[in-house]
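Every value quoted in this text rests on a predicted model; they were computed, and no experiment measured them.
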Amino acid sequence: MSQISWNEIKSRAVTFSKRWADEVSEDAEAKTFIDDFFNVFGVERKRVASFEQKVKKIDGKDGFIDMLWKGTLLIEMKSRGKDLNKAFTQAKDYFPGIKDSELPKYILVCDFEKFRLYDFEGTSPEPIEFTLDKLIDNIQHFGFIAGYQKRTFKDEDPVNIKAAELMGKLHDELKASGYDGHQLEVFLVRLLFCLFADDTSIFEKGIFYDYINTKTNEDGSDLGMHLAQLFQVLNQPESKRQKSLDEALAAFPYINGKLFEENLTIAAFNSAMRNALLNAAVLDWGKISPAIFGSLFQSVLDPTQRRNLGAHYTSEKNILKVIKPLFLDELYQEFESIKSNKKKVEAFHDKLSKLKFLDPACGCGNFLIIAYRELRLLEIEVVKKQLGKQLVNVNEYLKVDVDQFYGIEIDEFPSQIAQVAMWLTDHQMNMRASDEFGEYYIRLPLTKSATIVNANALRIDWKQVVPDADFIFGNPPFVGKKEQNFVQKSDMEYVLTNTKGAGVLDYVTAWYIVAARYIQNTKTKVAYVSTNSISQGEQVGLLWTVLFNKYNIKIHFAHRTFSWRNEARGNAAVHCVIVGFANYDVNVKSIFEYEDIKAEPHEIKVKNINPFLVEGKDVTVENRKSPICKVALMNYGSFALDDGNYTLTEAERNDIVSENKSSEKLIKPYIGGRELLHSEKRYCLWLEGAQPNEIKSNYKVKERVEAVKKWRINSDRGNTRKLAETPTLFAEVRQPKTDYLAFPTVSSVNRKYIPIAFLTPNVVASNQLYVLPHATLYHFGVLTSFIHMSWVKYICGRLKSDFRYSAGIVYNNYPWPETVNDKQREQVEQCAQAVLDARAKYPTSSLADLYDPLTMPPDLVKAHNALDKAVDQCYRKEPFTTESQRIAYLFELYERYTATLFTEEKPKKKKKP
């Protein structure tokens, strides 16, 4: 069956309507009517459907369906003027007698004059109803008969999940039978291609299902043999096939593309496996979005993924965030500007056909699929402009093809999937072009393919894959330094040889370095999705110093932190950024800002984007040992390294004191971040300066000291064993001798301010706190202000999404106000005291309670607002109206301070002796 164009279908529909409008006989032949109706779509009814199918009705009596196309369409005809509601009820009564796998997706009831079409998988519960003379206006609803079905579906459509489960079941059975490894993976890819082809006009609609259903034994014993023969046929040109080939096999087209080239061992099937394949074939595979192909295929291999496809699937929405600002928006803008000039449109079309795209971590090809689809959609608009209303051979005008797309993937199976998924997407777009131009268009046999290289992208030369890519994009692996395996660490060493501090960088940064090398002295543009760690904290200075100084990289656009979440159940969100960059500069750049990480972005046009993904010069922030301004040193609290022996609960503290009251002075409150924020009680044995006899007089204290000594002695680390010589002391003692300011090392991103507090020297700070000795109210005021929080928000590292404060990155680089007069300082101190006074009104509430956005007391909010204003005034008289203004001002100040610092610290040349 060759598919006919919509123009031809419409022409035939007009003829059909005229003929049957004149047929007024009461005994008009229903079978002839149905056959004529199918002919409108170029389909021979007897090839796909049968008349008078006998079934058991809901009441147990025998019934005869006027026409049944298994799994697709049931037609119930009535005489002119008869009740179509009764006809629909009668059609539904047949359902109990039809196998689940053969239940129709559509019911058409008709009295020769009125048509009523029920779509059980459509978005509306209401049927499509019209009269015979309006058939031409409603013909598009019957496109499924000719394979022209056009719909939009959600990524997590139940069909996708059902398909994954059915094919997964088949995978499990084959694997359990001993058919596994490379052969099983290739075999499944072929089956998935056939299932898709059966529903999308690559094959004559339904012939794969029919072949399995009618030509193989119900026990499945010969199914493997038939599939092997089918795969051979699909790899043979029609001209080279045997003349005696079974007619059912001869109906399959020549596919080529090397998909069916490899000879596989024949798989053994049983009845359950055959039924699983038939049930999968009944599903409408034409409904599956191209972006889900990869995840669907991959989920087949892993039972835990089958109901959670989105866990390995990058949504179209997120992919478009990458490709639209990278190239798609500019291409559409260019087209809009030249579409009235015929020669320029032709040149633009040629340009589209020559663009090359590379995803160097392509997985199952999601990015390549969506990029290809979007390029084809743009091409369709171009061709529509070129052709106008003239009817020509559209094949001569469609130039964009899959061979413009390249990928690198380390795992074999995903790389195979990516190539097949690109063919399937190509076919979907060919069907779209057929729909648009009214002429059936298909690219068979497959002569071109995407180039998907199965290799480690960090170990090969990308120029050997594609020497002149125009655009590089993708979603390289998110693997932090602690999670990297041996191979990944080796990859990092290979790519980042002689790069200072490379050991702390995330795995994704290697793709930035390799891309930066590839694009030297070219106009190639790159965009990656990455964890937000590359734009905050310690990694910024390490990565971007190299990219700026060694490779002259300029950031062209960036999506600030957003939640990279798909709709799959149980799919945890990852906090990501998108960075687009090149080896050349542009005048206008775009930052996509998110008011909330789950919200939609708004675009801001800027002159330059720094590595923190805010407007500003290309500066980086280093991990410093001392502050850039003249303020006190901040440090961690004390670190016990005691195997938990010196840390006490309140009950343990009381137990020790009950043994010897004098031991009370050996125990002090012990505060970490959690205790500070939530007012939780914890204690520690603090034996610095304790008399030996005081320790020995309480056997419970002595017991704990002995346990610490023993644990340290048995350590694998030499430094820890050395500490066994002084078992009564914490490993690292940094307890201030005066009142100090305490900072939690981690604080929720939901808080407007990080709660900090003054503590006395009697309260021991753990290494889960930062401590600032000799802090004044002025220091407290600045460090708890909104402008300091802006710096924290953009500079600090993150634990998931929470702020991870840092002395070396955040505090030591913070640009304090340049010149502060006595009046300004006094105002900050007064406002800081007002904040402390407001807190004191709520003695039973913890800092976590006080700074929860939902429960923060109004008077504390008011006090902080006044403090924010006072601190802002220390920086400049003109008020800051946005956070962007604050951070831009701070970066300018930082650049000025560090320039002076560099000059001051530059070593003097030694005099020659």
Side-chain angles (χ1 to χ4, degrees), residues 294-295 298-299 301-302 304-305 308 310-314 318 359-364 366-367 408-415 455-460 474-497 499-515 528-544 546-547 561-566 568 570-579 597 611 623 673 716-717 745-746 748-749 767-768 795-806 808-809:
S295 297
Q298 205 163 15
S299 69
L301 300 183
D302 186 348
T304 64
Q305 299 174 14
N308 194 19
H312 298 277
Y313 156 66
T314 306
N318 282 335
D359 181 347
C362 71
C364 294
N366 291 349
F367 276 79
I408 306 171
E409 169 53 37
I410 195 168
D411 293 324
E412 181 189 11
F413 187 49
S415 64
N456 182 342
L458 301 181
R459 297 283 183 159
I460 66 168
N475 182 11
F478 299 167
V479 188
K481 61 178 180 181
K482 294 180 180 177
E483 290 76 31
Q484 291 167 21
N485 59 33
F486 175 78
V487 172
Q488 291 164 339
K489 287 183 184 296
S490 298
D491 289 341
M492 293 292 285
E493 291 173 7
Y494 179 79
V495 172
L496 296 158
T497 305
T499 300
K500 178 185 176 184
V504 306
L505 290 172
D506 284 358
Y507 195 43
V508 69
T509 59
W511 271 262
Y512 279 78
I513 298 296
V514 178
Y528 289 143
V529 181
S530 313
T531 47
N532 59 3
S533 57
I534 68 154
S535 63
Q536 57 196 20
E538 186 176 14
Q539 295 196 48
V540 174
L542 298 173
L543 172 64
W544 290 97
V546 175
L547 291 176
T561 298
F562 65 97
S563 180
W564 184 267
R565 181 190 292 273
N566 297 304
N571 181 23
V574 181
H575 295 96
C576 294
V577 295
I578 297 170
V579 183
I597 60 171
N623 192 342
D716 294 333
R717 297 177 67 243
T745 55
V746 178
S748 170
V749 71
N767 63 319
Q768 294 303 306
I795 302 300
C796 78
R798 303 286 177 118
L799 184 61
K800 294 182 180 178
S801 62
D802 291 338
F803 298 126
R804 178 182 272 169
Y805 200 85
S806 159
I809 297 292

Tell me the closest heavy-atom pair linking [X] and [Y], and the distance in Å.
X	Y	result
Pro476	Ala361	CA-CB, 3.8 Å
Asp802	Val746	CB-CG1, 3.9 Å
Phe478	Val529	CE2-O, 3.6 Å
Pro414	Glu409	CB-CG, 3.9 Å
Gln539	Thr509	OE1-CG2, 3.9 Å

Distance check, rounded to the nearest 0.5 Å: [X] atom [atom1] versus [Y] atom [atom2]?
X	Y	atom1	atom2	answer
Leu458	Glu493	CG	CD	12.5 Å
Leu505	Ser533	CG	OG	9.0 Å
Ile795	Ser535	CD1	OG	9.5 Å
Arg459	Ser490	CZ	OG	6.0 Å
Asn623	Leu542	CG	CG	8.0 Å
Ser530	Asp506	OG	CG	9.0 Å

Problem set entry | Evaluation steps, side chain to side chain contact (heavy atoms under 4.5 Å, CB included), between Asn475 and Asp359 | CA-CA 8 Å; Asn475 182 11; Asp359 181 347; over 6 Å; no
Exercise. Side chain to side chain contact (heavy atoms under 4.5 Å, CB included) between Ile408 and Asn456: does it pass, once the steps are laid out?
Worked result: CA-CA 7 Å; Ile408 306 171; Asn456 182 342; over 6 Å; no
So do the side chains of [X] and [Y] get within less than 4.5 Å of each other, counting heavy atoms only?
X	Y	value
Tyr528	Val579	no
Pro477	Glu483	no
Trp511	Val495	no

Any donor-acceptor pair under 3.5 Å from [X] side chain to [Y] backbone:
X	Y	value
Trp544	Ile534	yes
Tyr512	Leu547	no
Asn532	Cys576	no

